[in-house]
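Below: one structure, written as structure tokens.
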Amino acid sequence: MQARPKNYSIMDEMMASSIEPLPLEYRRYQLTRMYQGLHAMEQAPAPTTDDWRVVSDAVNLMETLVAEMKVCEDSSGLLMDAITALALAGKRNMAGGAIRMDGAGIQAVRAILSDYADLLDVLPARTMIRCHRLTEKRLHELLDGKRKPHDVEITSL
């Protein structure tokens with residue numbers, strides 16, 4: 001197990017507002033990057049692994065909000081569809097192809113991003129910082145070989 005840097009500490013979580021959402025500038029920056037990544041995966045001549053990563057971040061954060069924190073539900077099953085679409089895009093890239101998703105995958109990821117954006121506007125900053133911390137912890141565990149049945153690890157990206 002290797003020590004990895006963390007973006008947020010418990011102190012960041014405790015100091016964040018328990019009532020107000022994250023600052024608008026932060027939300028706008030984060031969502032802009034995520035939507036730019038999705039746009040690149042849909043239309044850019046050569047989407048990058050960074051495009052894939054920022055989109056995967058959004059899906060991973062939603063997974064934490066749904067499965068671990070239980071602050072929302074995924075009654076339609078789109079979350080697993082988005083996870084699968086991103087895994088297939090990553091595998092396609094590892095096989096020498098472009099980082100692309102099929103139409104159903106794009107729709108699932110776009111819907112998850114939209115839901116994530118809606119949640120960012122209403123959930124308290126403390127909840128979102130906790131979400132980031134839990135997601136980061138889970139990703140570090142995955143990199144350390146602690147996988148859950150549905151996890152898809154693509155380490156070369």
Side-chain angles (χ1 to χ4, degrees), residues 1-39 41-42 49-91 101-155 157:
M1 235 189 306
Q2 113 185 20
R4 293 183 177 82
K6 295 185 171 122
N7 290 315
Y8 295 101
S9 69
I10 187 71
M11 188 62 90
D12 294 321
E13 183 179 336
M14 290 171 42
M15 297 298 290
S17 174
S18 63
I19 300 167
E20 296 296 320
L22 289 165
L24 180 60
E25 302 78 31
Y26 178 88
R27 289 179 277 152
R28 185 179 298 132
Y29 173 77
Q30 185 182 39
L31 290 171
T32 298
R33 294 230 23 227
M34 291 171 173
Y35 278 113
Q36 285 173 339
L38 179 60
H39 180 75
M41 289 180 69
E42 292 171 343
T49 55
D50 284 337
D51 297 323
W52 182 87
R53 276 186 229 278
V54 294
V55 174
S56 293
D57 285 347
V59 173
N60 287 331
L61 290 163
M62 275 299 290
E63 182 180 15
T64 299
L65 289 167
V66 170
E68 193 163 344
M69 296 177 72
K70 301 191 184 329
V71 298
C72 56
E73 294 181 357
D74 177 36
S75 57
S76 64
L78 282 175
L79 184 57
M80 200 62 221
D81 292 346
I83 291 168
T84 301
L86 287 165
L88 291 173
K91 288 179 180 181
M101 296 178 284
D102 63 14
I106 289 169
Q107 287 179 334
V109 170
R110 188 167 284 287
I112 293 299
L113 278 176
S114 176
D115 289 346
Y116 181 72
D118 291 344
L119 288 169
L120 269 180
D121 285 339
V122 297
L123 290 175
R126 187 174 297 166
T127 300
M128 291 312 301
I129 297 295
R130 175 112 179 113
C131 176
H132 280 266
R133 290 185 67 239
L134 290 170
T135 302
E136 185 173 64
K137 179 180 181 247
R138 190 175 74 76
L139 292 174
H140 288 179
E141 288 172 350
L142 195 144
L143 291 171
D144 290 337
K146 297 176 186 173
R147 297 178 56 156
K148 294 180 181 177
H150 71 277
D151 285 337
V152 180
E153 183 179 358
I154 303 175
T155 57
L157 289 177

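Note that the coordinates shown come from a computational prediction; the quantities given were computed from them, not determined experimentally.
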Please identify each residue that fulfils side chain to side chain donor-acceptor pair (under 3.5 Å) with [X], with sequence neighbours left out.
X: T32; result: none
X: E42; result: R110
X: D118; result: none
X: Y26; result: Y8

Taking atom [atom1] of [X] and atom [atom2] of [Y], what is their separation to the nearest 0.5 Å?
X: S56; Y: L139; atom1: OG; atom2: CG; answer: 9.5 Å
X: L120; Y: L65; atom1: CG; atom2: CG; answer: 8.5 Å
X: L134; Y: N60; atom1: CG; atom2: CG; answer: 12.5 Å
X: I129; Y: I10; atom1: CD1; atom2: CD1; answer: 11.0 Å

Name each donor-acceptor pair under 3.5 Å that joins a side chain in residues 14-23 to protein atoms two or more places apart or in another chain, with its distance.
unit_1	atom_1	unit_2	atom_2	d
S17	OG	I19	N	3.0
S17	OG	E20	N	2.7

Any idea which heavy atoms bring L31 and Y116 closest together, and the distance?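 Nearest pair, atom of L31 first, then Y116: CD2-CD2, 4.0 Å.
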
Considering all heavy atoms, the nearest C131-L61 contact: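 Closest approach of C131 to L61, heavy atoms only: SG-O, 3.4 Å.
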
May I have all residue pairs that pass ring pair (Phe, Tyr, Trp, His ring centres under 6.0 Å) and include part of residues 53-90, sequence neighbours excluded?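 Found none.
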
The criterion is side chain to side chain contact (heavy atoms under 4.5 Å, CB included); which residues satisfy it with A111, sequence neighbours excluded?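 If we apply the side chain to side chain contact (heavy atoms under 4.5 Å, CB included) test to A111, skipping adjacent residues, the hits are L78.
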
Just jot down the side chain to side chain contact (heavy atoms under 4.5 Å, CB included) partners of V59, sequence neighbours excluded, or say none. L79, A82, I83, L86, I112

Taking the side chain as every heavy atom from C-beta outward, state whether [X] and [Y] have any pair of such atoms under 4.5 Å apart.
X: L38; Y: M101; result: yes
X: M62; Y: L119; result: yes
X: R130; Y: V71; result: no
X: D51; Y: Q36; result: no
X: M128; Y: Q30; result: no

Might you work through the side chain to side chain contact (heavy atoms under 4.5 Å, CB included) test for V55 and M41, ending with a clear yes or no? CA-CA 9 Å; V55 174; M41 289 180 69; 4.1 Å; yes

For [X], give me all partners under salt bridge (Lys or Arg N to Asp or Glu O under 4.0 Å), at least two apart in sequence or on another chain.
X: D50; answer: R53
X: R133; answer: E13
X: E136; answer: none
X: R28; answer: none

Ion pair check, R138 and E63, cut-off under 4.0 Å: yes

